[in-house]
Amino acid sequence: MEIEMKLKLATLILAGLTATQASADECGNVTIAEMNWSSASFLANLDQFILNEGYGCNAELIPGDTMPTGTSMIEKGQPDIAPEMWSNSLKEALDRGVADKRLRYAGKALVEGGEEGFWVPAYLVKQYPEIATIEGVKKHAKLFEHPEDPDTSAFYSCPAGWNCQISAGNLFNAMDLDQAGFTVVDPGSSAGLSGSLAKAYTREEAWFGYYWAPTAILGKFDMVKVDFGSGVDTDEYLNCISRDGCEDPKATMYPPSPVHTIVTEAFASRAPEVQEYLNKRGFTNAQMNQLLAWMEDNQASGEDTMFHFLETSPEIWQQWLPKAVADKVADAI
């Protein structure tokens, strides 16, 4: 009898180990796009840690960017996960990928969506109230000194490779900012863009350019979104402003930007438990602003910020996970 009980126990243990291994095998190797801005880097590191420690995946981070990552996921099925995709910028292609059963939308990485626009410092608007409008910006163009060319005025656009470089360029043309004396300045990187704004703000100088929220910069500095006087024309934005080669752009304010997590259909099908987590995982703008401000104040990496979040906000992330998975993540922190 004792031998029989031991055999049964051994069989149960082996079955449990086999089931666990099968679950890990279903998840298997996973590639996660780590985009080159702060919130996306944090999210990528968070997903990697939770997938590896909570779900037994073998997840790795690979460099990503909006346009090339979306295209690669549709055409090549890699990477498996894009944690923070500002989906307006690729809506037609993403929707086509979903219709072709190549992609699947998971949850909203930013549950309230993101905000985009052209911005000026609030102290400048207090001095010149009309600068809150695009006509006022054009009227006072000479205030916005170009860092390298004193004969022109500076408009700080998106770094090369970001889809917002296309939309910002089309809106620059739509509003004839070149005729008002402005020249587009490519800041080179996210750090270059935020650095130009921070430098101008701390010196109380004029600054005019594209930015988005939630971000630490707009959490720290009081900025005013410039009114184009156009309202929001979603069709114009989707069908022209957000597209490269838009020949006759017309002014429109940026529509609210859905910010989704995108996964390949192949991965979602083979790892439904992970897909369920990605459906639930999301942040409010206030939560993300706090994290980004901590990240900047501490010169922290996406990985550092991930550990800070897991250690200080279990009441948030534990809601996204089954208790057994949450316990594994807690043990691994």
S.K.: Taking Val111 as the starting point, is it possible to reach Ile262 by hopping between hydrophobic residues whose side chains are less than 4.5 Å apart?
M.R.: no
S.K.: Between Phe172 and Thr183, is the side chain to side chain contact (heavy atoms under 4.5 Å, CB included) condition met? List the steps.
M.R.: CA-CA 9 Å; Phe172 181 94; Thr183 301; 5.8 Å; no
S.K.: Is there a side chain to side chain contact (heavy atoms under 4.5 Å, CB included) between Cys164 and Trp212? Walk through the geometry before answering.
M.R.: CA-CA 10 Å; Cys164 54; Trp212 74 99; over 6 Å; no
S.K.: Consider ring pair (Phe, Tyr, Trp, His ring centres under 6.0 Å). Of Trp119, Tyr211, Phe228, Tyr237, which one does Tyr254 pass it with?
M.R.: Tyr237
S.K.: Check Glu265 with Arg104, please: is the shortest side-chain N to carboxylate O separation under 4.0 Å?
M.R.: yes
S.K.: Compare every heavy atom of Asp186 with every heavy atom of Pro159, then report the nearest pair and how far apart it is.
M.R.: CA-OD1, 3.6 Å
S.K.: Does the pair Leu46 and Trp317 meet the rule for a side chain to side chain contact (heavy atoms under 4.5 Å, CB included), with working shown?
M.R.: CA-CA 10 Å; Leu46 177 66; Trp317 61 263; 5.7 Å; no
S.K.: When rounded to the nearest 0.5 angstrom, what distance separates CG in Leu103 from CG in Asp95?
M.R.: 9.5 Å
S.K.: Distance only, no hydrogens: is a donor on one side chain within 3.5 Å (strictly under) of an acceptor on the other, for Tyr123 and Asp222?
M.R.: no
S.K.: Has the side chain of Asn279 got a donor or acceptor atom that lies under 3.5 Å from a matching backbone atom of Ala106?
M.R.: no
S.K.: Dump the intermediate steps for ring pair (Phe, Tyr, Trp, His ring centres under 6.0 Å) on Phe283 and Phe42, then the final yes or no.
M.R.: CA-CA 12 Å; Phe283 291 82; Phe42 157 68; 5.5 Å; yes
S.K.: Using a 3.5 Å distance criterion without hydrogens, assess whether the side chain of Asn289 forms a donor-acceptor pair with backbone atoms of Ala286.
M.R.: no
S.K.: Taking all heavy atoms of Pro79 and all of Ile62, pick out the closest pair and write down the distance.
M.R.: CB-CD1, 3.6 Å
S.K.: Are any side-chain N or O atoms of Asn52 and backbone N or O atoms of Ala59, one a donor and one an acceptor, separated by less than 3.5 Å?
M.R.: yes
S.K.: How about Asp47 and Arg281: do any of their side-chain heavy atoms sit closer than 4.5 Å?
M.R.: yes
S.K.: Rounded to the nearest 0.5 Å, what's the gap from OG on Ser313 to NE2 on His308? Could you check?
M.R.: 6.5 Å
S.K.: Hey, are Asp80 and Thr31 close enough side-chain-wise for a donor-acceptor pair under 3.5 Å?
M.R.: yes
S.K.: May I ask you to test the Ile134-Leu177 pair for a side-chain heavy-atom distance under 4.5 Å?
M.R.: yes
S.K.: With rounding to the nearest 0.5 angstrom, report the CE to CD1 distance, Met67 to Ile166.
M.R.: 4.5 Å
S.K.: Without hydrogens or angle criteria, can the side chains of Trp86 and Thr66 be said to hold a donor-acceptor pair below 3.5 Å?
M.R.: no
S.K.: Is any side-chain heavy atom of Arg102 less than 4.5 Å from a side-chain heavy atom of Arg96?
M.R.: no
S.K.: Quick one: list whatever passes ring pair (Phe, Tyr, Trp, His ring centres under 6.0 Å) with His146, sequence neighbours left out.
M.R.: none
S.K.: Return the set of residues passing side-chain hydrogen bond (donor to acceptor under 3.5 Å, both in side chains) with Thr305 (not counting sequence neighbours), or none when no residue passes.
M.R.: none
S.K.: When you compare the side chain of Asn36 with that of Ser190, does any pair of heavy atoms fall below 4.5 Å?
M.R.: no
S.K.: So Leu171 and Met175, do their side chains get closer than 4.5 Å, heavy atoms only?
M.R.: yes
S.K.: Determine whether Trp320 and Val329 satisfy the following criterion, side chain to side chain contact (heavy atoms under 4.5 Å, CB included), listing intermediate values before the conclusion.
M.R.: CA-CA 12 Å; Trp320 306 330; Val329 173; over 6 Å; no
S.K.: Would you say Asp149's side chain and Asp151's backbone share a donor-acceptor pair under 3.5 angstrom?
M.R.: yes
S.K.: Hydrogens and angles aside, do Ser257 and Glu116 bring a side-chain donor and acceptor to less than 3.5 Å of each other?
M.R.: yes
S.K.: Checking side chain to side chain contact (heavy atoms under 4.5 Å, CB included) against Phe155, which of Val137, Val184, Asp178 comes through?
M.R.: Val184
S.K.: Compare every heavy atom of Gly64 with every heavy atom of Thr69, then report the nearest pair and how far apart it is.
M.R.: OG1-CA, 3.3 Å
S.K.: Taking Glu236 for the side chain and Lys250 for the main chain, is one N or O donor matched with an acceptor at less than 3.5 Å?
M.R.: yes
S.K.: At what distance, to the nearest 0.5 angstrom, does OG1 of Thr312 lie from CG of Leu291?
M.R.: 7.0 Å
S.K.: Does either side chain, that of Asn170 or that of Ser167, offer a donor lying less than 3.5 Å from an acceptor on the other one?
M.R.: no
S.K.: Does the side chain of Phe208 reach to within under 4.5 Å of the side chain of Val185, using non-hydrogen atoms?
M.R.: no
S.K.: Kindly compute the distance separating CE (Met295) from OG (Ser38), expressed to the nearest 0.5 Å.
M.R.: 4.5 Å
S.K.: If every non-hydrogen atom of Ser72 is compared with every non-hydrogen atom of Gln78, which pair is closest and at what distance?
M.R.: OG-O, 2.5 Å
S.K.: How close do Pro249 and Ala174 get, counting heavy atoms only, and between which atoms?
M.R.: O-CB, 3.5 Å
S.K.: Nearest 0.5 angstrom please: Met306 CE to Ile50 CD1, how far?
M.R.: 8.5 Å
S.K.: Grab the two heavy atoms, one from Ile217 and one from Ser194, that are nearest each other, plus how far apart they are.
M.R.: CG1-CB, 3.7 Å
S.K.: For Glu130, is there any backbone N or O sitting under 3.5 Å from a side-chain donor or acceptor partner on Thr133?
M.R.: yes
S.K.: A side-chain contact here means heavy atoms from C-beta on lying under 4.5 Å apart; do Val274 and Val30 qualify?
M.R.: no
S.K.: Atom CD of residue position Gln299 - does it have more than 12 heavy atoms of other residues, nucleotides or ligands inside 6.0 Å?
M.R.: no
S.K.: Inspect the surroundings of CD in Gln287 and state if more than 12 heavy atoms from other residues, nucleotides or ligands are less than 6.0 Å away.
M.R.: yes
S.K.: Quick check against the 3.5 Å criterion: does Gln318 have a side-chain atom that pairs as donor or acceptor with the backbone of Ala326?
M.R.: no
S.K.: With Trp207 as reference, evaluate Tyr156, Phe144, Tyr201 under the ring pair (Phe, Tyr, Trp, His ring centres under 6.0 Å) test and give the passing residue.
M.R.: Tyr156
S.K.: Can you find a pair of side-chain heavy atoms, one from Glu92 and one from Leu238, that are under 4.5 Å apart?
M.R.: no
S.K.: So, Glu84 side chain and Ala40 main chain: donor-acceptor pair closer than 3.5 Å or not?
M.R.: yes
